[in-house]
Amino acid sequence: MTITPSQTVGPFFAHALPYPHDWELVPPGHPGAITLEGRVLDGAGDPVPDALLELWLGRTGDRGALRRGDGGVSGFGRCATAPDGTYRFRTAPPAGPYLSLQIFARGLLRSVLTRVYLADVPDPLLDGLDPARRATLLATPLDTRSGDAYQFDVRLQGEGETVFLDF
C-alpha cells in the first residue's frame with residue numbers, strides 16, 4: 001500500500017498537544033485508581049508511534065476536567081503513543097459502564113471515537129454487536145485478582161478493527 005500525503009505531511013498530534021501529567025487523571029496512590037494501557041495499531045498490525053488518545057470518564061471529576069496535581073479526579077486525560085504504539089492512563093473508574101476514548105492519528109482526516117468497557121455487561125451498544133465486534137470494545141484485565149489494570153488495544157482498520165462510533 002502506498003503512503004498517502006496525510007501520512008507523510010501530518011498532522012502530527014503527538015508533538016504539540018501533550019502536557020505534563022496529561023495521562024494521569026488521578027494521582028499515584030489514589031484509592032480505587034485503575035490503569036488502562038494498550039497499543040494503537042494500523043491496518044497491518046504495526047504500531048502507530050505518533051497517535052494521540054483522549055480519555056473521558058463520563059464526568060468532570062472533583063477537580064474539573066483539566067486540572068492536575070491537587071489529589072482529586074480529573075474527568076479528562078490525554079496520552080501520546082510511544083514509538084512502540086503503547087499508551088497508558090491512570091484513572092478513576094468510569095461513571096458508567098465504559099470510558100470514552102478518542103483517537104487522533106496520521107492518516108485519519110477526522111478523529112475516531114470508541115468506548116472501552118471494563119467488563120462485559122448488558123449494554124444497548126454491546127448487545128447489538130456480533131461477538132467478534134463486541135470483543136473489540138472490551139478491555140482485558142491484566143491481573144484478575146486486583147482488578148486495577150486493563151489492556152485495551154485500538155486497531156484502526158483491518159481484521160479485528162475496533163468498533164468506532166459515529167456522532
Side-chain angles (χ1 to χ4, degrees), residues 13-14 17-41 48 51-82 85-105 108 110-167:
F13 302 103
L17 296 176
Y19 53 92
H21 306 286
D22 55 0
W23 65 277
E24 299 173 310
L25 285 76
V26 295
H30 186 85
I34 61 172
T35 301
L36 178 69
E37 61 185 50
R39 299 177 301 159
V40 177
L41 305 168
V48 178
L52 187 75
L53 292 86
E54 293 183 343
L55 187 72
W56 286 90
L57 281 181
R59 57 187 166 102
T60 57
D62 57 12
R63 63 178 173 176
L66 299 175
R67 293 185 61 200
R68 297 284 185 272
D70 63 359
V73 177
S74 172
F76 171 82
R78 179 180 283 160
C79 184
T81 55
T86 58
Y87 71 90
R88 179 175 54 153
F89 289 101
R90 183 176 52 242
T91 182
Y98 61 85
L99 298 157
S100 296
L101 189 65
Q102 185 168 11
I103 301 100
F104 300 85
L108 297 177
R110 293 180 44 208
S111 61
V112 290
L113 299 156
T114 191
R115 292 179 177 176
V116 180
Y117 289 85
L118 302 179
D120 194 353
V121 295
D123 178 85
L125 175 65
L126 286 178
D127 295 344
L129 298 171
D130 69 70
R133 303 290 290 149
R134 181 183 183 106
T136 70
L137 297 180
L138 299 174
T140 304
L142 292 175
D143 182 350
T144 55
R145 291 172 295 162
S146 66
D148 63 355
Y150 297 86
Q151 179 170 346
F152 184 80
D153 290 342
V154 176
R155 181 77 180 244
L156 295 175
Q157 67 182 102
E159 186 176 333
E161 178 182 313
T162 301
V163 171
F164 298 109
L165 307 174
D166 189 19
F167 291 96

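Since this is a predicted model, take the numbers as computed values, not measurements.
Electrostatic pairing of Arg155 and Glu161 does not count as a salt bridge here, judged by no charged N lying under 4.0 Å from a carboxylate O.
Going from atom CD1 of Ile103 over to atom CG of Leu52 covers 10.0 Å, rounded to the nearest 0.5 Å. Here the straight-line distance linking atom CG of Asp148 with atom CG of Leu36 works out to 12.0 Å at 0.5 Å rounding. We find the CD-OG1 distance between Gln102 and Thr114 to be 11.0 Å, quoted to the nearest 0.5 Å. Note: Leu53 CG to Tyr87 OH = 6.5 Å, rounded to the nearest 0.5 Å. Atom CG in Asp22 sits 9.5 Å away from atom CD in Glu54 (nearest 0.5 Å). Considering OG1 of Thr35 and CD of Glu24, their distance stands at 10.0 Å, rounded to 0.5 Å.
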If you apply the rule side chain to side chain contact (heavy atoms under 4.5 Å, CB included), what do you find for Phe164 with Leu156, and how did you get there? CA-CA 9 Å; Phe164 298 109; Leu156 295 175; 4.1 Å; yes
Checking Phe152 against Leu101 for the side chain to side chain contact (heavy atoms under 4.5 Å, CB included) test, could you report, in this order, the C-alpha distance in whole Å, the side-chain angles of both residues, the deciding distance, and whether it holds? CA-CA 10 Å; Phe152 184 80; Leu101 189 65; 4.0 Å; yes
Let me see the working for Val73 and Arg59 under side chain to side chain contact (heavy atoms under 4.5 Å, CB included), right down to the final yes or no. CA-CA 10 Å; Val73 177; Arg59 57 187 166 102; 4.2 Å; yes
Any chance you could lay out the side chain to side chain contact (heavy atoms under 4.5 Å, CB included) test for Phe104 and Val40, step after step, and finish with the verdict? CA-CA 10 Å; Phe104 300 85; Val40 177; over 6 Å; no
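Across all their heavy atoms, Val48 and Ala105 have their closest contact at CG1-CB, 4.3 Å. In plain terms, the two heavy atoms of Pro18 and Ala80 that are nearest each other are CG-CB, 3.9 Å. Residues Ala139 and Val116 come closest through the heavy atom pair CB-CG1, 3.9 Å. Considering every non-hydrogen atom in both Asp123 and Leu125, the closest pair reads OD2-N, 2.9 Å. Between Pro27 and Gly72, the closest heavy-atom pair is CD-O, 3.4 Å.
A distance-only check finds no donor-acceptor pair linking the side chain of Thr91 to the backbone of Leu25 [under 3.5 Å]. Using a distance-only test at 3.5 Å, with no hydrogens or angles considered, no donor-acceptor pair links the side chain of Ser100 to the main chain of Trp56. For the pair Asp153 (side chain) and Gly38 (backbone), a donor-acceptor distance under 3.5 Å is absent. Of the possible donor and acceptor atoms, one in the side chain of Thr136 sits under 3.5 Å from a partner among the backbone N and O of Val163. Looking only at distances, no side-chain donor or acceptor of Arg134 sits under 3.5 Å from a matching main-chain atom of Gly128.
No side-chain heavy atom of Leu99 sits less than 4.5 Å from a side-chain heavy atom of Phe89. Looking at Leu118 and Pro94, their side chains come closer than 4.5 Å, going by heavy atoms from C-beta outward. Using a 4.5 Å heavy-atom cutoff, the side chains of Leu129 and Leu137 are in contact.
Atom CZ of Arg88 sits in a sparse spot, with 12 or fewer heavy atoms from other residues, nucleotides or ligands closer than 6.0 Å. More than 12 heavy atoms of other residues, nucleotides or ligands sit less than 6.0 Å from atom OH of Tyr117.
A side chain to side chain contact (heavy atoms under 4.5 Å, CB included) with Tyr150 is found for exactly one of Leu142, Ile34, Leu138, Thr140, namely Ile34.
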